[in-house]
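Letters A, B, ... mirror the listed sequences (proteins, then strands); counts begin at 1.
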Amino acid sequence: DTGVSQNPRHKITKRGQNVTFRCDPISEHNRLYWYRQTLGQGPEFLTYFQNEAQLEKSRLLSDRFSAERPKGSFSTLEIQRTEQGDSAMYLCASSLDQGGQPQHFGDGTRLSIL
Amino acid sequence: SQQGEEDPQALSIQEGENATMNCSYKTSINNLQWYRQNSGRGLVHLILIRSNEREKHSGRLRVTLDTSKKSSSLLITASRAADTASYFCATAISGNTPLVFGKGTRLSVIA
């Protein structure tokens with residue numbers, strides 16, 4: 001399967017702990033996006049990369065959140081000092097860099113904060 | 001913030017019937033996309049329609065776009081139980097900017 005892969009699928013942690021998620025995009029896709037989705041809502045944009053450059057960050061992305069894409073391939077999203085409100089599904093998507101391309105999503109990482 | 005608003009929020013139909021979902025948005029766009037999401041899974045891209053297009057078809061799916069009304073509709077014909085999912089519209093204000101999603105329509109197709 002050469003789709004977008006996210007690990008882990010589920011993460012349960014205590015409030016205050018740090019967590020890191022990984023996303024492996026489709027190999028030829030330059031663009032990589034992170035979204036967050038809570039129950040009953042659509043995904044909300046967090047940040048995105050073109051190759052290794054982080055091009056935009058949402059105001060939703062507090063200073064506890066950091067994302068990297070060090071070699072322009074896989075990406076990691078880290079949340080420090082997790083809070084109850086961080087509980088959500090974190091979705092990664094990738095796309096080609098040409099205008100108006102569909103985004104291909106992974107199955108997400110579901111984060112539960114105890 | 002979410003730009004798109006899908007209507008209805010939930011829709012329940014019998015297998016074989018058609019399902020129509022509507023989406024309204026607020027700002028000018030480059031393209032509008034429809035996605036499907038099965039419970040606990042990621043989103044699957046269905047159709048992309050550009051701002052200079054009015055209608056697109058893909059199999060049993062038909063999408064229309066009215067930029068003057070800032071609205072789009074997704075029609076699924078001859079629905080199947082496997083079409084049961086949430087459907088989201090998403091807009092992009094330029095070519096490959098991040099998508100802004102609506103809250104989705106939950107479709108239930110009863111066999």
Side-chain angles (χ1 to χ4, degrees), chain A residues 1 3-7 9-10 21 23-26 29-51 53-61 67 88-110 112, chain B residues 1-10 21 23-26 28-53 56 58 61 63 65 72 74 85-106:
Chain A
D1 189 322
V4 177
S5 175
Q6 290 189 247
N7 288 289
R9 288 294 314 278
H10 303 275
F21 312 138
C23 171
D24 287 90
I26 293 171
H29 286 181
N30 322 73
R31 296 220 170 186
L32 185 149
Y33 307 81
W34 285 99
Y35 294 87
R36 181 171 68 190
Q37 185 179 25
T38 54
L39 201 61
Q41 302 292 315
E44 293 182 296
F45 166 71
L46 293 178
T47 187
Y48 85 104
F49 294 83
Q50 180 168 320
N51 301 313
Q54 189 171 17
L55 295 188
E56 187 177 339
K57 292 192 287 187
S58 162
R59 281 172 288 179
L60 292 175
L61 211 67
M89 175 81 89
Y90 290 83
L91 294 163
C92 174
S94 67
S95 75
L96 292 169
D97 191 19
Q98 296 138 15
Q101 294 294 317
Q103 294 183 16
H104 299 261
F105 282 79
D107 279 339
T109 294
R110 180 167 295 286
S112 298
Chain B
S1 64
Q2 303 197 292
Q3 141 138 276
E5 285 252 349
E6 286 91 341
D7 170 52
Q9 290 187 345
M21 288 159 266
C23 167
S24 60
Y25 57 92
K26 297 173 186 171
S28 296
I29 60 171
N30 173 278
N31 66 78
L32 184 145
Q33 304 182 32
W34 285 90
Y35 287 81
R36 184 187 75 227
Q37 185 178 37
N38 291 91
S39 182
R41 303 297 300 273
L43 283 78
V44 174
H45 180 263
L46 297 175
I47 287 188
L48 181 152
I49 186 165
R50 301 182 197 283
S51 59
N52 61 353
E53 297 174 312
K56 273 188 106 166
S58 176
L61 307 180
V63 167
L65 179 65
S72 174
L74 170 67
S86 292
Y87 291 82
F88 295 91
C89 71
T91 53
I93 58 172
S94 65
N96 266 332
T97 52
L99 296 172
V100 180
F101 286 85
K103 292 184 178 181
T105 292
R106 291 186 308 280

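- Both the backbone and the side chain of B/Leu43 come within contact range of chain A, with heavy atoms under 4.5 Å apart.
- Across every non-hydrogen atom of A/Glu56 and B/Pro98, the tightest pair is OE1-CD, 4.0 Å.
- A distance of 9.0 Å separates OG1 of B/Thr97 from CZ of A/Phe45, quoted to the nearest 0.5 Å.
- Minimum interatomic distance between A/Gly42 and B/Phe88 (heavy atoms only, all atoms of both residues): CA-CE2, 3.4 Å.
- Distance alone, capped at 3.5 Å, is enough to place a donor-acceptor pair between the A/Tyr35 side chain and the B/Leu99 backbone.
- Using a 4.5 Å cut-off between heavy atoms, B/Arg41 contacts chain A through both its backbone and its side chain.
- Atom NZ of A/Lys57 is surrounded by 12 or fewer heavy atoms from other residues, nucleotides or ligands within 6.0 Å.
- A side-chain donor-acceptor contact under 3.5 Å links B/Gln37 and A/Gln37.
- Counted within 6.0 Å of CZ on B/Arg106, heavy atoms from surrounding residues, nucleotides or ligands total 12 or fewer; the atom is thus considered open.
- Between A/Phe105 and B/Tyr35, the gap from one ring centroid to the other is short of 6.0 Å.
- For chain B, the nearby part of A/Arg9 is the side chain; its heavy atoms alone come within less than 4.5 Å.
- Expressed to the nearest 0.5 Å, how far NE2 of B/His45 lies from NE2 of A/His104 amounts to 7.5 Å.
- For the residue pair A/Pro102 and B/Gln33, the shortest heavy atom distance occurs at CA-OE1, 3.6 Å.
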